[in-house]
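Heads up: the structure comes next, in structure tokens.
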Amino acid sequence: MTPGQGAQGPGSEGIPVELVPIRDESIRLGQLLKLGNLVQDGAMARMVVENGEVSVDGEIVVRRGTQVRPGQVVEYAGQAISPVRR
């Protein structure tokens, strides 16, 4: 499965959730944003997270090192992604 393939169901605002395959039990928020193609690089990930533009399960998160686990939904800029273990 490649990033963007499959859908888990709607995010908090009815946004389709794209599943992003990961290798481990969890992934850092900044890494997931990059892997899911929501941001271009780590600098942009840091900026959008620190600006309070990213939510995990509906809660605004301001630490890009926050661990995200399969089943949790990350939303940013009208898009939603969720990690899934390969």
Side-chain angles (χ1 to χ4, degrees):
M1 189 179 279
T2 60
Q5 193 176 24
Q8 175 175 313
S12 67
E13 309 232 351
I15 303 166
V17 177
E18 295 295 323
L19 300 178
V20 179
I22 62 172
R23 287 189 308 244
D24 300 315
E25 296 289 326
S26 64
I27 186 170
R28 288 187 180 131
L29 179 58
Q31 292 174 327
L32 181 62
L33 290 171
K34 290 186 294 183
L35 189 61
N37 296 315
L38 297 187
V39 298
Q40 294 176 346
D41 55 34
M44 185 175 178
R46 182 180 70 240
M47 183 181 69
V48 300
V49 171
E50 289 177 356
N51 287 342
E53 299 175 39
V54 179
S55 69
V56 177
D57 289 342
E59 299 288 324
I60 297 295
V61 176
V62 293
R63 287 182 38 240
R64 69 182 171 138
T66 298
Q67 294 291 317
V68 182
R69 291 174 172 68
Q72 291 186 294
V73 177
V74 174
E75 294 186 45
Y76 166 66
Q79 295 180 284
I81 57 176
S82 181
V84 61
R85 187 106 190 255
R86 286 188 210 178

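Worth saying up front: this structure is predicted, and the values here are computed from it rather than measured. Here, residue 1 is the first one in the sequence, and each next residue gets the next number.
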When rounded to the nearest 0.5 Å, the distance separating CD of Glu53 from CG of Leu38 is 12.0 Å

Among the clusters formed by ILVMFWY side chains lying less than 4.5 Å apart, do Leu29 and Met44 turn up in the same one? yes

What's the shortest heavy-atom distance between Ile81 and Gly36, and which atoms? CD1-CA, 4.3 Å

Using the side-chain hydrogen bond (donor to acceptor under 3.5 Å, both in side chains) rule, collect all pairs that involve residues 59-68, keeping only residues at least two apart or in two chains. Ser26-Gln67

Main-chain N/O of Ile22 paired with Arg85 side-chain donor or acceptor, under 3.5 Å: no

Whether the side chain of Asp41 engages the backbone of Ala43 through a donor-acceptor N/O pair (distance < 3.5 Å, no angle test) should be reported. yes

Which heavy atom of Ser82 sits nearest to which heavy atom of Gly71, and what is that distance? OG-N, 3.6 Å

Heavy-atom distance under 4.5 Å between the side chains of Val48 and Val54, does that happen here? yes

Within the 4.5 Å heavy-atom criterion, are Val49 and Leu33 side-chain neighbours or not? yes

Do you know which two heavy atoms are closest between Ala80 and Ile15, and how far apart they sit? N-CG2, 3.8 Å

Closest non-hydrogen contact found for Val56 with Gln72 is CG1-NE2, 3.9 Å

Identify the heavy atoms of Arg69 and Pro83 that sit nearest to each other, and give their distance. O-CG, 3.4 Å

